[in-house]
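One structure is given here, and the rest of the page talks about it.
Please read all numbers here as calculations on a predicted model, not as lab measurements. Chain naming here is simple, since letters A, B, ... match the order of the sequence lines and numbering starts at 1 in each.
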Protein chains: 2
Amino acid sequence: MIDRTIVPSTDRKRGEGVKLVYDILRDDILDLVLPPGSPIDEVQLAERLSMSRTPIREALVRLAGEGLVTALPNRSTIVSNIDFLNLHTFFDALTLMYRVTTRLAAECRTEVDLEIIRTRQAEFTRAVEAHDALAMIATNRNFHAAIAEAGRNPYYISLFGRLLDEGRRILRIYYSSFDDHLPRRYVIEHEDIIAAIDARDVEKADQLASAHADQIVRHIQEMIGRDRRQRIAL
Amino acid sequence: MIDRTIVPSTDRKRGEGVKLVYDILRDDILDLVLPPGSPIDEVQLAERLSMSRTPIREALVRLAGEGLVTALPNRSTIVSNIDFLNLHTFFDALTLMYRVTTRLAAECRTEVDLEIIRTRQAEFTRAVEAHDALAMIATNRNFHAAIAEAGRNPYYISLFGRLLDEGRRILRIYYSSFDDHLPRRYVIEHEDIIAAIDARDVEKADQLASAHADQIVRHIQEMIGRDRRQRIAL
DNA sequence: TGCATTCTTTGTGTCGACAAATAAAATACA
DNA sequence: TGTATTTTATTTGTCGACACAAAGAATGCA
């Protein structure tokens, strides 16, 4: 395993310890450096980061709240499994959040929002051109998160964030199978979505987000299973 | 303040302490026994429940993850405020979750699910007949949570639960203004929703849930402000 | 009297240590 | 030899204590 979590220098400011552990664990979980089912040893982590178990436990509790780890009582907490049997619930929720957040963005976006969204899209495009699958996954996530932010509904932002994270884990499993033409299609679809948001065309934004979601879901399902999403006629 | 959190007997089983604190705080927050902005003193709580600060901190971290409390760095954590300025985001998400969960319930419900839903509805009816506003708020929440459970989408269940909790706090503020005819209307609307779920009529369930949500939102807005929800044409 | 500075108080953030619980290893028994 | 029981080991859950940070009180100075 890549040991990019070497003991960082001592003397940390009060309150930064938790965030440090949280960020490290979160990244390792989402990048599958810590694959689902991996046990997380508190003492070991504490030693590696040269801190006590208290801040580590707090980070673990927070991660458990987001569903990224599962705490087994009196036994080591493990990285949460990906529930492949119920992936349709994930696809269903993801599609709905794609649509709702894009709609809201078309409704409320400011010029500043648009600028941020375009920046994220530029980063995504760069990752596609560089054929960097991992960067593509991460920048794609940030692009849609930025759209959600423009929609300004904290409930959707939070759920969508969780779903995008889970998607990052799932995509990470199949990142090697990313071929060229699909990502390029995504770039174009992103541009269309931006245009609809810019034009404040809510229905068009909805329709594009819906198609984009279908695209992604189909993409993932090509690699795994059958589409069992709820079909909502809009 | 009502001191219903008197020191419960000592010798607790290992691991039950956190759940105890969590449940007490959660209930007190949702019932507004602890109003928004109330500081939560860890030491004081620890003494009252005769336990150390560690399990209390864990409970607070979990509550913070759900947005029920806000942790101010190096200062006492406080009960989260209700964002009245952005209530429309709450109404928007609540309406969407009403619809989506009811749709899914109509699609996937088993006989056991229906039985549980009917039990919750009976409890709600009883609360209405007893003119017990607090019980009405709680049982109404449980009724809709049961429908979400029948839909079996963990993402919706979790977001909806959060929204219903927040709704419980908001309703609690105005519980004195609950008159007789509105709750009775709710009872009937609930019965209709159950019938649609029973008949597996997805579109009907959606339509009824939508109307029910509108009803509740209007009800709350009569007491506060103007409806600014996103209007999604279905 | 008004403002800046120092001191005190209050309460969190972190630590090291102990005890309970579970899993694994070792032992006893049929 | 296979199963049940005891022992050991590992790892969590909880505790009490200390140190740091911020808010408020007290003091000094103009």
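- Look at CG on B:Leu60: it is 9 Å from P on C:dT12, rounded to the nearest Å.
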Would you tabulate the nitrogen or oxygen pairs shorter than 3.5 Å linking the protein to nucleotides 18-20 of chain C?
residue, atom, partner, partner atom, Å
C:dA20, O4', B:Arg14, NH1, 3.3
C:dA20, N3, B:Arg14, NH1, 3.4
C:dA20, N3, B:Arg14, NH2, 3.4

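- Each of A:Thr54 and B:Val43 was matched to the nucleotide of DNA chain C holding its nearest heavy atom; the match closer to the 5' end belongs to B:Val43.
- One atom, CD of B:Glu47, and another, C1' of C:dG11, lie 12 Å apart when rounded to the nearest Å.
- The side chain of A:Arg75 places an N or O atom within less than 4.0 Å of a non-bridging phosphate oxygen (OP1 or OP2) of C:dA23.
- The aromatic rings of B:His190 and B:Phe143 sit parallel to each other, their planes meeting at less than 30°, with 60° as the upper class boundary.
- Across all strands shown, B:Ser76 has heavy atoms under 4.0 Å from sugar-phosphate atoms exclusively, and none from any base.
- Rounded to a whole Å, the CZ atom of A:Arg12 is 14 Å from the P atom of D:dA21.
- Of the residues in residues 64-72 of chain A, none lies under 4.0 Å from DNA chain C by heavy-atom distance.
- Under the rule for a salt bridge (Lys or Arg N to Asp or Glu O under 4.0 Å), the partners of B:Arg26 that lie at least two apart in sequence or sit in another chain are B:Asp165.
- The distance between atom CD of A:Glu58 and atom C1' of D:dT14, rounded to the nearest whole Å, is 16 Å.
- Between the OG1 atom of B:Thr89 and the CG atom of B:Leu94 there is a distance of 11.0 Å, given to the nearest 0.5 Å.
- Side-chain atoms of A:Thr139 and A:Arg126 include no donor-acceptor pair closer than 3.5 Å.
- Look at B:Arg109 and B:Glu107 and you find no salt bridge, because none of the NZ, NE, NH1 or NH2 atoms lies under 4.0 Å from a carboxylate O.
- A:Ile78 places its CD1 atom 15 Å from the C1' atom of D:dT12, with the value rounded to the nearest Å.
- In this structure, CG on A:Leu163 lies 9.5 Å from CD1 on A:Ile170, to the nearest 0.5 angstrom.
- Note: B:Tyr98 and B:His212 have perpendicular aromatic rings, judged against thresholds of 30 and 60 degrees for the angle between ring planes.
- C:dT14 atom C1' lies 21 Å from atom OH of A:Tyr22, rounded to whole Å.
- The nearest whole Å value for the distance from the CD atom in A:Gln44 to the C1' atom in D:dT11 is 12 Å.
- Legend: residues meeting salt bridge (Lys or Arg N to Asp or Glu O under 4.0 Å) with A:Glu149, ordered by chain and number and at least two apart, are absent.
- Distance, B:Leu49 CG to D:dT14 P: 13 Å, rounded to whole Å.
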Which donor-acceptor pairs under 3.5 Å do the side chains of residues 67-79 of chain B make with protein atoms, sequence neighbours left out?
residue, atom, partner, partner atom, Å
B:Thr70, OG1, B:Ser80, OG, 2.9
B:Asn74, OD1, A:Arg14, NE, 2.7

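- Contacts between residues 35-42 of chain A and DNA chain C, defined by a heavy-atom separation under 4.0 Å, are absent.
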Test B:Arg120 against B:Glu123 for salt bridge (charged side-chain N to carboxylate O under 4.0 Å, His left out), laying out the working first.
CA-CA 5 Å; B:Arg120 297 286 160 273; B:Glu123 286 160 2; 3.3 Å; yes
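- A close approach under 4.0 Å does occur between a side-chain nitrogen or oxygen of B:Ser52 and OP1 or OP2 of D:dC15.
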Checking side-chain contact (heavy atoms from CB on, under 4.5 Å) for the pair A:Leu104/A:Tyr156: CA distance, chi angles, key distance, verdict?
CA-CA 10 Å; A:Leu104 277 179; A:Tyr156 297 151; 3.6 Å; yes
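- A salt bridge between B:Arg169 and B:Glu166 is present, with a side-chain N of the basic residue lying under 4.0 Å from a carboxylate O of the acidic one.
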